[in-house]
Amino acid sequence: MNKDQIRIFNENLNALKESVHWLKRSYQICSGQYDLKNLSEEGYDAFEGLTSRFARTVDVLTSKVYRSIVYLEEGQSLTWIDTVLYLEKREIIPDIEKIRMIKELRNEIVHEYTVVELKELFTEVLNESPALFGLIESTLSYSDILLNKLQN
């Protein structure tokens, strides 16, 4: 195995760990602390941080870590759907529908919304964050196993 590929994989894993750290911080701040029906300016700022960190974490997970796993194991890049199917077979992704919904939510975050739509978006991000945390946990566990195999 190419040492550069393993180095890049480790860099991607570190980026994911850092990103999820900040996402969890924002999630804790936003969970239960704010009334989404009557958000203050401070509340909007907090939720903007949450949604931004959610989108960034999804990007690192799906565009970097998932693709690195496939490349390390298969020696080639696959399409997005083939990557997801591959990871489902490896039981990293337990539910393809969930990762599709999370990815779509990430895409919604990057668009402009009215205040009412923002509140709906904030609610969705709060609701989907635990599922994202679960996907990250299973990915990191699998990654530890993969790195042990590659280094032996």
Side-chain angles (χ1 to χ4, degrees), residues 4-5 7-74 76-144 146:
D4 283 339
Q5 294 167 342
R7 180 187 52 76
I8 291 168
F9 183 49
N10 276 311
E11 288 172 3
N12 291 341
L13 288 173
N14 289 334
L16 179 62
K17 290 172 186 175
E18 182 175 347
S19 185
V20 76
H21 164 78
W22 290 107
L23 175 59
K24 284 182 176 181
R25 183 177 189 284
S26 287
Y27 178 77
Q28 289 172 346
I29 289 169
C30 292
S31 294
Q33 187 170 340
Y34 295 102
D35 176 9
L36 280 167
K37 293 177 186 167
N38 299 306
L39 271 180
S40 64
E41 288 180 355
E42 180 183 304
Y44 275 103
D45 289 343
F47 275 94
E48 287 288 337
L50 175 68
T51 57
S52 174
R53 289 172 176 174
F54 184 94
R56 187 177 315 111
T57 302
V58 171
D59 284 344
V60 173
L61 177 65
T62 59
S63 297
K64 294 181 178 271
V65 175
Y66 282 172
R67 293 188 185 274
S68 288
I69 290 171
V70 171
Y71 194 84
L72 283 170
E73 291 188 338
E74 294 299 310
Q76 63 179 339
S77 296
L78 301 176
T79 64
W80 167 244
I81 190 65
D82 289 336
T83 296
V84 171
L85 290 169
Y86 180 88
L87 297 172
E88 181 187 41
K89 287 179 188 173
R90 297 282 186 276
E91 299 180 352
I92 298 170
I93 298 174
D95 181 4
I96 289 178
E97 185 62 22
K98 182 54 73 177
I99 192 63
R100 185 190 64 75
M101 288 174 54
I102 287 172
K103 186 93 162 140
E104 282 182 14
L105 181 55
R106 175 259 174 232
N107 292 339
E108 288 177 30
I109 289 169
V110 300
H111 299 289
E112 298 279 332
Y113 287 91
T114 66
V115 172
V116 173
E117 290 171 330
L118 272 177
K119 290 177 181 179
E120 292 171 9
L121 182 68
F122 294 159
T123 300
E124 285 185 65
V125 171
L126 271 178
N127 292 338
E128 294 301 328
S129 289
L132 179 57
F133 297 144
L135 287 168
I136 291 167
E137 188 175 308
S138 67
T139 301
L140 292 175
S141 294
Y142 187 87
S143 297
D144 287 342
L146 177 58

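It should be emphasised that the depicted structure is a prediction, and the values quoted were computed from it without experimental measurement.
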Can you tell me if NZ on K64 sees more than 12 non-hydrogen neighbours from other groups inside 6.0 Å? no
Heavy-atom closest contact (I102 atom, L132 atom, distance): CD1-N, 3.9 Å
Approximate separation, where rounding is to 0.5 Å, of I99 CD1 and W80 CH2: 5.0 Å
First locate atom CG of L85, then atom CD1 of I96, and finally report the distance between them rounded to the nearest 0.5 Å. 4.5 Å
T139 and L61: which non-hydrogen atoms are nearest, and at how many Å? OG1-CD1, 3.8 Å
Quick one, F122 with Y44, criterion side-chain contact (heavy atoms from CB on, under 4.5 Å). Give me CA distance, side-chain angles, the key distance, then yes/no. CA-CA 9 Å; F122 294 159; Y44 275 103; 3.7 Å; yes
Provide the closest heavy-atom pair for V70 versus T83 in the form atom of the first, atom of the second, distance. CG2-CG2, 3.8 Å
Nearest heavy-atom contact between L78 and R67 is O-NH1, 2.9 Å
Calculate, to the nearest 0.5 Å, the distance between atoms CG and CD1 belonging to L16 and I136 respectively. 5.0 Å
Looking at E18, I'd like to know if its CD atom is crowded, meaning that more than 12 non-hydrogen atoms belonging to other residues, nucleotides or ligands lie closer than 6.0 Å. no
Is E137 atom CD crowded by more than 12 heavy atoms from other residues, nucleotides or ligands, each under 6.0 Å away? no
Could you walk me through whether R56 and L23 pass the side-chain contact (heavy atoms from CB on, under 4.5 Å) test, one step at a time? CA-CA 9 Å; R56 187 177 315 111; L23 175 59; over 6 Å; no
Test T57 against R53 for side-chain hydrogen bond (donor to acceptor under 3.5 Å, both in side chains), laying out the working first. CA-CA 6 Å; T57 302; R53 289 172 176 174; over 6 Å; no
Please report the shortest heavy-atom distance between I92 and S138, naming the atom on each side. O-OG, 2.7 Å
side-chain contact (heavy atoms from CB on, under 4.5 Å), that's the test. Do F9 and S143 meet it? Break it down for me. CA-CA 9 Å; F9 183 49; S143 297; 3.5 Å; yes
Between CD of E124 and OG1 of T51, what distance do you get to the nearest 0.5 Å? 11.5 Å
I'd like to know if the side chain of S19 reaches the main chain of A15, judged simply by a donor and an acceptor atom lying under 3.5 Å from each other, with no hydrogens or angles considered. no
Please determine whether the number of non-hydrogen atoms from other residues, nucleotides or ligands lying under 6.0 Å from atom CD of E91 exceeds 12. no
Testing the basics here: between L36 and K119, what is the closest heavy-atom pair and its distance to 0.1 Å? O-CD, 3.1 Å
Hey, does Y27 have a side-chain heavy atom less than 4.5 Å from the side chain of P130? yes
Below 30° counts as parallel, above 60° as perpendicular, anything between as tilted: where do the rings of F47 and Y34 land? perpendicular
Can you check whether L13 reaches V65 side chain to side chain, under 4.5 Å on heavy atoms? yes
Do I8 and Y71 pass the side-chain contact (heavy atoms from CB on, under 4.5 Å) test, and can you show the C-alpha distance, the side-chain angles, and the key distance before you say yes or no? CA-CA 11 Å; I8 291 168; Y71 194 84; over 6 Å; no
Within 6.0 Å of CD in Q33, more than 12 heavy atoms from elsewhere: yes
Separation between CG (L87) and CG (D82), nearest 0.5 Å, reads 11.0 Å
Please determine which of K89, E88, R90 meets the side-chain hydrogen bond (donor to acceptor under 3.5 Å, both in side chains) test together with Y86. R90
Distance from L146 atom CG to E73 atom CD, nearest 0.5 Å? 5.0 Å
Check whether more than 12 heavy atoms from other residues, nucleotides or ligands sit under 6.0 Å from atom CZ of R25, and answer yes or no. no
Contact check, side chains of Y66 and L135, non-hydrogen atoms, under 4.5 Å: yes
